[in-house]
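Following: one structure in structure tokens, then a few remarks.
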There are 2 protein chains.
Amino acid sequence: MTPRKPTLHDVAAAAGVSIAAASFALRDKAGVSPETRERVLAAARALGYVVNAPARSLRTARYGAIGLYLPPGATRLPYYTEFAFGVVDAADRRGLSVILLPHREADDDTPPTAFVDGYVVVDGTTDDAGVRAILDTGRPVVSAEHLVGGEGRVAGSVVYDHETALRGLLDHLTARGARRIAAVLPAAGTAWSRELTTTYETWIAERGGIPISRAIGFIPTAEEVDAAVGDILATERVDALIVGPSGSAAPALEAAHRAGRRVGTDLLLAAYVDEPMHALLTPTVTSFDLEAREVGEACLELFTAIQDADPPTDRVQVRLPRLVVRASTAGP
Amino acid sequence: MTPRKPTLHDVAAAAGVSIAAASFALRDKAGVSPETRERVLAAARALGYVVNAPARSLRTARYGAIGLYLPPGATRLPYYTEFAFGVVDAADRRGLSVILLPHREADDDTPPTAFVDGYVVVDGTTDDAGVRAILDTGRPVVSAEHLVGGEGRVAGSVVYDHETALRGLLDHLTARGARRIAAVLPAAGTAWSRELTTTYETWIAERGGIPISRAIGFIPTAEEVDAAVGDILATERVDALIVGPSGSAAPALEAAHRAGRRVGTDLLLAAYVDEPMHALLTPTVTSFDLEAREVGEACLELFTAIQDADPPTDRVQVRLPRLVVRASTAGP
DNA sequence: CGCGGCAGTACCGGATGTTAT
DNA sequence: AATAACATCCGGTACTGCCGC
């Protein structure tokens, strides 16, 4: 059943050429005649030859693998899983493997698996020991969203234009009749929270209003959301509310309900990050589809482009979140 | 800054011994004196030596990596992400890397990355081309839950005792006053759905009752859940309801509410798979904590144990889901 | 003499069996 | 009887050079 895996030697012998010629033919390099190439390829196919990755890596110092670093503690957000498979699928198409990297405690400075060609980091900060260790390898890093604290050290990034998106949402709410829009924002620490906060405040200021906002955790507890929303509704006369952090739509709806507001008519509610659940709530909740999978794919493709120095592509790609309008912002 | 990475040669030279001696010392093998070993280790530490994985793999045909295969289409279930990081963390402790494998279309039979020592598969079926390809590699496979259709071909498994768990839940509901318990079950296809269905029917039969159940998808839509729950409540006099598929608690609550039932008192509701959301719903929902992370770790540890043939361990480990009792089954 | 096409071969970095001390 | 040095090999890649025209 296992007559040993065929090696390049076997292929070369079967095709009646030298190892070097076989190697060239298989890698589609110049220096072999079309007939020879064809014979080699046929032999390889017949034998079921597969290159031995470690052997190739040993010689070339390229590993055909990239490390993927997801934010610690955020494993419950479906965004990241979706993102991860975007990276994996794109990598698969290019014959690369994706290594899922472990998170690091703050005091742990062991380097990450060294035998990768580079890394993809999502929503990273240099506050994170794992991210620092990755940057310290000196290998190319592509980030999804700006890597806070490591701005000059990434080879490329795929980022969202949250400013345009949020402005669009604020305009949408205004068009549906909102006059006083409050926001529950993620606490400082990520590029995203910074962008959301300043955009919200600027937009309000431009219209001569005063911002009404509360900050809660990046991954909020129901109580936090409840308290923030309850507080806003109790102390301010608002007719629309935007909740930023993932997972806060359901508790926000709940809190609004308890405050006696009818969401969708008398209070417009929008979440920032879309989640499957938003289509299941009553009313269904308006939010931005961030297209996690596509962004994951884009990161990997940017990585390979940079690595091959193929086109000196734009190092930063910008994507616009797509607003999914649902019943919660229907309007009166 | 980068005077080339130190190799075993460098370490040996620095320690004043041969390469072979250094190799032995670093791998803690017999054949070198304690003093020599110490000198080698010190030299390695001083130089920041890290073994070159490809070189080692080339020689030993071990790769220090395992492939992880998650069910396709299930990327939105937080269970799997949590599981994945359980595997990753355990692997990290053992110095192994985890390669996240891509899903395969039914007609695609390209083999998965060959340079891994084995695979971990979760909730797999041989209906899945990706799973078949993995089994065909002949490498050891550890599965979480039984691998449907590949029973004889896995090296080990970590499975839940759903029967005992579900019986416990049925008893719990009974203790809280339930007399007629209905169930919304996952459609056939996984080991889990089979076990849930037969356990439910058996338990009911043992008490001389008649089962009241509906089947919905493994990853149900809100409408499906709504229809199933609505139908049960409209046509049967039930005082308790168990919903199996992940994500169905929220829409089930909704449907019960619309049917005029007060969940927690006049209708007891329990979900099978615990989710963070269950603590945020009103009322909070009773369900089983499946400890995804721990199970992921157990899979990896089982894998390494089997690989090292260390203890001829039990090939199948059984875990009991832990019931988390919340307000939805408080009772009248 | 130049050039395309291919064979020969020195590595890449470590693991391991064999031979000296 | 222990240790350590030496020689090979793992499977490719890439450089050098020979051959014939």
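The figures here come from the full heavy-atom set of this structure, side chains too, leaving out hydrogens, waters and symmetry mates. Bear in mind that the values here come from a model prediction, so they are computed numbers and not experimental data.
Here B:Y63 does not reach the OP1 or OP2 of D:dC10: none of its side-chain N or O atoms lies under 4.0 Å away. Phosphate contact (OP1/OP2 of C:dG13, side-chain N/O of B:T7, threshold under 4.0 Å): absent. For D:dT13, the OP1/OP2 oxygens have a side-chain nitrogen or oxygen of A:S23 closer than 4.0 Å. For the pair A:T60 and D:dG12, the criterion of a side-chain N or O lying under 4.0 Å from OP1 or OP2 is not met.
A:L300 has its side chain out of reach of A:V88: every pair of non-hydrogen atoms, C-beta onward, lies at least 4.5 Å apart.
Among the atoms of the strands shown, none is found under 4.0 Å from any heavy atom of B:V11. Counting any heavy atom pair closer than 4.0 Å across all strands shown, B:L8 reaches sugar-phosphate atoms only and no base atom. As judged by a 4.0 angstrom heavy-atom cut-off over every strand, B:S57 is placed among residues making no nucleic acid contact. Nucleic acid contact class of B:I19 (heavy atoms, under 4.0 Å, all strands): none.
Projected onto DNA chain D by closest heavy-atom contact, B:A21 and B:A55 fall at different nucleotides, the more 5' of which corresponds to B:A21. Between B:N52 and B:F24, it is B:N52 whose nearest contact on DNA chain C lies nearer the 5' terminus. Nearest-nucleotide assignment on DNA chain D puts the 5′-proximal partner with B:V17, out of B:R59 and B:V17.
Screening B:V121, B:D128, B:T126, B:V120 for a side chain to side chain contact (heavy atoms under 4.5 Å, CB included) involving B:I134 leaves a single residue, B:V121.
Atom pair B:R62:CZ and C:dT16:P shows a separation of 11 Å (rounding to whole Å applied). B:L26 places its CG atom 13 Å from the C1' atom of C:dG13, with the value rounded to the nearest Å. The CG-P distance, from A:L47 to D:dG11, rounds to 14 Å in whole Å. Separating the CD atom of B:E38 from the C1' atom of D:dT3 is a distance of 17 Å, rounded to the nearest angstrom. In this entry the distance linking NZ of B:K29 with C1' of C:dG14 reads 13 Å, nearest Å. Taking atom NE2 of B:H9 as the reference point, atom C1' of C:dA15 lies 12 Å away to the nearest angstrom. Remark: C1' of D:dA14 and CZ of A:R56 are 13 Å apart, rounded to the nearest angstrom. As rounded to whole Å, 4 Å separates atom C1' of D:dC10 from atom CG of B:L58.
Taking the ring centre of A:F24 as origin, the terminal cationic atom of A:R27 falls inside the region bounded by 6.0 Å and 45° from the ring axis.
Which of D:dA5, D:dG12, C:dC6 sits closest to the side chain of B:A20 comes down to D:dA5. Closest to the side chain of B:R27, from the set D:dT13, C:dA7, C:dA15, is C:dA15. Side-chain atoms of A:T36 lie closest to C:dC6 of the nucleotides C:dC6, D:dG12, D:dA5.
Within 6.0 Å of NE2 on A:H146 lie no more than 12 heavy atoms contributed by other residues, nucleotides or ligands.
The CD1 atom of A:I99 sits 11.5 Å away from atom OH of A:Y63, with the distance rounded to the nearest 0.5 Å.
Under the 30°/60° scheme for interplanar angles, the aromatic rings of A:H103 and A:Y69 are found to stand perpendicular.
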